[in-house]
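Taking it in order: structure first as structure tokens, then the write-up.
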Amino acid sequence: MKKNYISLALAGLTMMAVTSCSSDYLDETPMSNYTASTLTDSKGMNALALGMYYDFSLIQSYSNDQGFPCVFQVGTDVCDPAQYQGIELPMYKYEKLTADASAPQVYWRQLYNIINATNVIIDNVESGISTASESDNTLYKAEACFMRAWCYDQLAVFFGGVPLSLKPVTTAKVDYTRATLNEVNAQIVADLTYATTNLPEPDAVKNGSRVNKYSANQLLAEVYIRTKEYQKAVDACNTIISSGKFALNTSLRSGLSYSDFYHDMFVQGYMRRKQGNKEIIWNYESENNNTVTGGQSGSFQQRRCWVAAYYQYSSKGLVLCDSLGGRGLARMRLSSRMLNLYQAGDIRNSQANIHRDFYVNGVKFKGTDAVNDSIFKLPPYCTKWNCFDPNDTFGYTAIHDVPMMRFGETYLLLAEAYLGLNKTAEAAAAINVLRTRAFGSPTLGQVSASQINIDFILDERARELIGEENRRYTLMRTGQLQKRAAMNKDFIATNNPLSNASLEASYAISNTDKIQNLWPIPKTEIDLNKDGKLEQNPGY
């Protein structure tokens with residue numbers, strides 16, 4: 001111990017001797033500098049763009065709280081919690097959604113982190129710092145404008161009017177104020193207008209994870225519906241439809257015995273445009289070892305959340321495999337209402353798409369505990385996130401592309417826009433395009449103008465987009481969250497397959513009367529913003 005003290009003392013004396021003569025040796029001489037301000041040539045700007053996409057991927061692969069994907073599904077009309085983790089709790093126990101809740105804070109910070117990355121790119125172009133070619137600068141700015149618009153649209157729907165940050169933030173800033181929702185929407189439209197004009201055609205995109213001009217049109221349609229500019233939304237949808245660049249998938253490509261042409265779109269290896277999927281508008285790619293440039297990163301949790309925990313019955317013969325989806329943890333289950341939305345003959349309800357039954361040696365598997373088996377371990381599940389790596393049977397992560405936008409949703413947005421214009425016949429026609437595909441017939445399953453209302457469209461979105469769409473976003477965007485959450489009667493004592501009252505209390509949606517159509521501004525953000533005022537949303 002004494003030697004340690006002596007060494008420290010000598011070191012101190014040496015330092016005093018040196019500093020008494022000169023302190024020049026403390027001056028830093030960096031041999032290289034890779035800050036954002038120095039990445040200004042074409043390769044550097046491309047690196048900034050890929051970094052922006054990387055930041056975006058961290059939303060899809062956030063795993064600090066493995067239940068994060070459930071935040072956007074449970075407590076709505078389509079999903080219940082099953083083996084929940086915690087971050088999703090206030091999303092179905094609505095009395096617990098406070099300004100201290102974790103999920104709004106995580107999402108707020110993720111979105112603003114991406115926004116700052118977009119601002120660096122846009123500022124480098126607009127200020128003339130970038131030395132890339134004019135065409136490259138236009139592309140990088142268009143990509144950044146799209147991504148900034150996407151983030152602000154999410155913020156607008158979840159939080160309302162939020163601070164508009166349009167320049168890079170390089171030092172601490174604690175004087176933010178909230179812009180009005182109209183101001184946020186105007187910025188979103190301005191960014192998307194630039195993006196629709198300057199993003200490339202789908203086949204000219206550098207790699208599949210990056211956006212094209214029709215990605216911007218799809219988002220613009222959604223924004224125009226939200227701002228009640230319905231004709232503009234119709235025009236944006238029709239721009240995509242009339243382009244001839246996309247088509248609904250109606251034929252089997254994978255050749256898998258348990259597949260069908262609808263399921264086929266979500267089989268890894270068949271999800272990308274270059275692999276023949278012409279329905280995809282924006283697909284976020286994933287490969288083993290995260291080898292896709294600008295693609296997926298982190299530890300992907302969607303499979304764990306969506307797929308049943310059948311691994312718990314491995315001793316009974318339910319062995320981890322590709323056809324059953326890989327290792328799921330059943331963190332959520334499809335609601336009874338969701339499971340009963342389909343008409344007979346709808347391919348979207350086939351065993352390949354909604355997995356309901358398990359078989360061992362050709363015999364239907366039946367567990368011993370009806371409650372735990374059917375609700376918490378082996379609930380019916382959406383198969384869109386099925387994936388299996390024989391080199392990672394534990395399923396630490398998942399190798400599966402994220403279908404961010406596809407052509408099928410374009411028709412649903414078109415129907416919603418026509419409904420806003422009170423053109424229900426046109427809305428029905430748009431929906432019938434999807435139902436012709438779903439029923440394999442131009443006559444079966446068709447709907448009429450008299451059936452079209454917002455509830456029917458939301459039901460059809462669930463049938464078509466379950467597992468893909470952010471259901472909470474959709475319901476908050478349309479102002480229907482409180483009404484639709486109350487439709488989910490699972491675990492309610494008067495209509496409940498469970499006999500255990502404590503389970504009923506734990507898993508039932510509660511206090512839907514307390515649902516606000518906006519999340520709270522995170523208290524941490526309000527507290528840190530000491531020189532400005534971030535007003536809290538009403539009800540929190």
Side-chain angles (χ1 to χ4, degrees), residues 69-70 73-74 76-84 252 254 256-267 302-314 316-388 400 438-440 445 459-469 471 487-491 495-498 507:
C70 304
Q73 306 292 340
V74 301
T76 68
D77 52 343
V78 300
C79 273
D80 303 316
Q83 298 187 46
Y84 63 85
L252 184 67
S254 68
L256 299 174
S257 60
Y258 55 86
S259 184
D260 57 45
F261 62 78
Y262 180 83
H263 175 267
D264 202 43
M265 290 189 290
F266 309 100
V267 176
Q302 276 81 343
R303 181 197 57 212
R304 287 186 171 193
C305 290
W306 283 100
V307 175
Y310 67 91
Y311 77 94
Q312 296 189 25
Y313 298 92
S314 58
K316 305 291 186 182
L318 292 179
V319 181
L320 290 169
C321 62
D322 192 11
S323 61
L324 295 181
R327 185 174 180 269
L329 300 182
R331 295 205 183 280
M332 56 184 164
R333 65 182 292 274
L334 296 175
S335 69
S336 298
R337 186 178 189 281
M338 178 68 220
L339 291 169
N340 288 294
L341 272 183
Y342 298 94
Q343 292 174 245
D346 191 331
I347 196 172
R348 299 170 297 188
N349 189 36
S350 73
Q351 174 76 357
N353 296 307
I354 304 294
H355 196 114
R356 298 169 184 264
D357 301 319
F358 293 84
Y359 296 86
V360 177
N361 297 325
V363 178
K364 187 174 179 179
F365 177 79
K366 293 183 179 180
T368 57
D369 184 335
V371 170
N372 283 321
D373 290 339
S374 63
I375 294 179
F376 302 111
K377 297 179 182 179
L378 295 178
Y381 61 95
C382 167
T383 65
K384 291 176 180 177
W385 299 108
N386 283 13
C387 52
F388 178 69
H400 196 288
F439 288 85
D459 283 349
E460 192 67 18
R461 285 187 67 92
R463 286 184 283 263
E464 179 70 25
L465 300 173
I466 186 64
E468 297 172 75
E469 77 167 337
R471 188 62 170 181
M487 292 179 179
N488 186 344
K489 303 296 184 183
D490 288 352
F491 304 108
N495 182 26
N496 190 356
L498 297 177
Y507 290 89

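Using a 4.5 Å heavy-atom cutoff, the side chains of S259 and D264 are in contact. For the pair L329 and Y311, the minimum side-chain heavy-atom distance is below 4.5 Å. Residues P81 and F376 fail the side-chain proximity criterion, which asks for heavy atoms closer than 4.5 Å. Considering only heavy atoms from C-beta on, R356 comes within 4.5 Å of L339 through its side chain. Put simply, the side chain of Q312 reaches to within 4.5 Å of the side chain of Q83, judged on heavy atoms. Counting only heavy atoms from C-beta outward, the side chains of M332 and D80 never approach each other to under 4.5 Å.
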K316 vs V360, side-chain contact (heavy atoms from CB on, under 4.5 Å): CA-CA, chis, key distance, verdict = CA-CA 8 Å; K316 305 291 186 182; V360 177; 5.6 Å; no
Go through F266 and C387 one step at a time and tell me if the side-chain contact (heavy atoms from CB on, under 4.5 Å) criterion holds.
-> CA-CA 10 Å; F266 309 100; C387 52; over 6 Å; no
Check against side-chain contact (heavy atoms from CB on, under 4.5 Å), W306 and R331 = CA-CA 7 Å; W306 283 100; R331 295 205 183 280; over 6 Å; no
Could you walk me through whether N488 and T76 pass the side-chain contact (heavy atoms from CB on, under 4.5 Å) test, one step at a time?
-> CA-CA 7 Å; N488 186 344; T76 68; over 6 Å; no
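How far OG of S350 is from CD1 of I354: 8.0 Å, rounded to the nearest 0.5 Å. Once rounded to the nearest 0.5 Å, the distance linking CG of L324 with CZ of F388 reads 10.0 Å. The CZ atom of R333 sits 9.0 Å away from atom SG of C79, with the distance rounded to the nearest 0.5 Å. Between atom CG of residue N353 and atom CE of residue M265 there is a gap of 8.5 Å, rounded to the nearest 0.5 Å. Rounding to the nearest 0.5 Å gives a distance of 9.0 Å between CD of Q343 and CZ of R348. One distance of note links OH of Y84 with SG of C70; it measures 12.5 Å at 0.5 Å rounding.
No side-chain donor from either of T383 and N386 sits under 3.5 Å from a side-chain acceptor of the other.
Taking every heavy atom of both residues into account, A309 and A330 meet most closely at N-CB, 3.6 Å. Nearest heavy-atom pair across S336 and N340 is O-ND2, 2.8 Å.
Checking side-chain atoms of S335 against main-chain N and O of D77 turns up a donor-acceptor pair under 3.5 Å. With hydrogens and angles disregarded, a donor-acceptor distance shorter than 3.5 Å links the side chain of Y262 to the backbone of E464. Of the possible donor and acceptor atoms, one in the side chain of W385 sits under 3.5 Å from a partner among the backbone N and O of G467. Side chain of D346 to main chain of Y342: no donor-acceptor pair is present (N/O by atom type, distance under 3.5 Å, no hydrogens or angles). Side-chain N or O atoms of R471 include none that pairs as donor or acceptor with a backbone N or O of V78 at under 3.5 Å. Using a distance-only test at 3.5 Å, with no hydrogens or angles considered, a donor-acceptor pair links the side chain of Q73 to the main chain of E469. At least one donor-acceptor pair under 3.5 Å links the side chain of H400 to the backbone N or O of K384. At distances below 3.5 Å, at least one donor-acceptor pair connects side-chain atoms of H355 with backbone N or O atoms of D357. Remark: the backbone N or O of L320 is not paired with any side-chain donor or acceptor of R327 at under 3.5 angstrom.
Judged by a 6.0 Å distance limit and a 45° cone about the ring axis, K364 is not positioned over the six-membered ring of Y359.
Under the ring pair (Phe, Tyr, Trp, His ring centres under 6.0 Å) test applied with F365, the options Y310, Y313, F358 reduce to a single match, Y313.
Using a cut-off of 4.0 Å between Lys/Arg side-chain N and Asp/Glu carboxylate O, R461 and E468 are scored as not salt-bridged. R337 and D459 are joined by a salt bridge, as a carboxylate oxygen and a charged side-chain nitrogen come within less than 4.0 angstrom of each other.
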